[in-house]
Novice: 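Quick one: structure below, then a few questions.
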Amino acid sequence: MSVNHYLFRVGDASHLWSSSKFNIWGIDSSTPGSKYLLEKVKKGDCLWFIKGNSGGLIVAVAIFECSIKRVNGMSMPFEKLGWVNVPGKWDTDIHFINFKNIENMKIFQIFI
């Protein structure tokens, strides 16, 4: 079984750090990149998180478990996840395992 790799841009990464303790990242499923991800990603695929405005600094890596549509009153509130710094439309939770903060390794994604 082959493993696919997916890249996420995570702004300043503050929301990533706050929700990573729950092994959750939120996406807006209406964007082209998110639609592609949700169609293709499978359990065990690798997720790479890239900090915005950093020249491609990879700050974390995790293994995809599943995606779940957010439901008001049933999903963990944005405030508990720490998603309060920047407004957003995150309607799908990405659940992962084996989250690793690798920011101090100074690995950069080269954009071709």
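We count residues from 1, following the sequence as given. Every value quoted in this text rests on a predicted model; they were computed, and no experiment measured them.
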Novice: Could you tell me whether Tyr36 atom OH has more than 12 heavy atoms of other residues or ligands within 6.0 Å of it?
Specialist: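 Counting neighbours around OH of Tyr36, 12 or fewer heavy atoms of other residues, nucleotides or ligands fall under 6.0 Å, so no.
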
Novice: Count I, L, V, M, F, W, Y as connected when their side-chain heavy atoms are under 4.5 Å apart, and connections chain through other members. Are Trp83 and Phe22 then in the same cluster?
Specialist: yes

Novice: Is there a continuous path of hydrophobic side-chain contacts, each under 4.5 Å between heavy atoms, that joins Ile102 to Phe108?
Specialist: no

Novice: Looking only at heavy atoms, which two atoms of Val59 and Asn101 are closest? And how far apart?
Specialist: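 Reported closest heavy-atom pair: O-OD1, 3.4 Å.
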
Novice: Starting at OG of Ser2, measure out to NZ of Lys42 and round the result to the nearest 0.5 Å.
Specialist: 4.5 Å

Novice: Atom OG1 of Thr92 and atom CZ of Arg70: how far apart are they, to the nearest 0.5 Å?
Specialist: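 Here the interatomic distance stands at 9.0 Å.
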
Novice: Only pairs under 3.5 Å count here: list side-chain donor-acceptor contacts from residues 61-69, not counting sequence neighbours, and write none if there are none.
Specialist:
from	atom 1	to	atom 2	distance (Å)
Lys69	NZ	Ser29	OG	2.9
Lys69	NZ	Asp91	OD2	3.4

Novice: Quick one: closest heavy-atom pair of Phe8 and Trp25, and the distance?
Specialist: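 Distance-wise, the nearest heavy atoms are CD2-NE1, 3.9 Å.
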
Novice: Are Phe99 and Val10 connected into the same hydrophobic cluster when the rule is that any two of I, L, V, M, F, W, Y join if their side-chain heavy atoms are below 4.5 Å apart?
Specialist: yes

Novice: Hey, does Met76 have a side-chain heavy atom less than 4.5 Å from the side chain of Ser19?
Specialist: no

Novice: State plainly whether one hydrophobic cluster holds both Ile107 and Trp48, where clusters connect Ile, Leu, Val, Met, Phe, Trp and Tyr through side-chain heavy atoms under 4.5 angstrom apart.
Specialist: yes

Novice: Does the side chain of Leu37 come within less than 4.5 Å of Ile94's, by heavy atoms?
Specialist: yes

Novice: Can you tell me how far the NZ atom of Lys51 sits from the CD1 atom of Ile58, to the nearest 0.5 Å?
Specialist: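 Rounded to the nearest 0.5 Å, the NZ-CD1 separation comes to 13.5 Å.
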
Novice: Going hydrophobic residue to hydrophobic residue with side-chain gaps under 4.5 angstrom, can you get from Tyr6 over to Leu57?
Specialist: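 They do share one cluster, since a chain of ILVMFWY contacts under 4.5 Å joins Tyr6 to Leu57.
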
Novice: Got a donor-acceptor contact below 3.5 angstrom from the Ser34 side chain to the Ser30 backbone?
Specialist: no

Novice: Taking the side chain as every heavy atom from C-beta outward, state whether His5 and Leu7 have any atom pair closer than 4.5 Å.
Specialist: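 They are not in contact (no side-chain heavy atoms under 4.5 Å apart), so the answer is no.
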
Novice: Under the salt bridge (charged side-chain N to carboxylate O under 4.0 Å, His left out) rule, collect the residues that match up with Lys100, sequence neighbours excluded.
Specialist: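 Listed in chain order: nothing, the list is empty.
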
Novice: How long is the span from the CH2 atom in Trp90 to the CG atom in Asp28, to the nearest 0.5 Å?
Specialist: 10.0 Å

Novice: Identify the heavy atoms of Asp45 and Lys40 that sit nearest to each other, and give their distance.
Specialist: OD2-O, 4.2 Å

Novice: On a heavy-atom basis, which atom in Val41 and which in Leu38 lie closest, and how many Å separate them?
Specialist: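 Smallest interatomic distance, heavy atoms only, reads CG1-CA, 4.4 Å.
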
Novice: So which heavy atom on Ile24 is nearest to which on Leu81, and how close?
Specialist: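 That would be CD1-CD2, 4.2 Å.
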
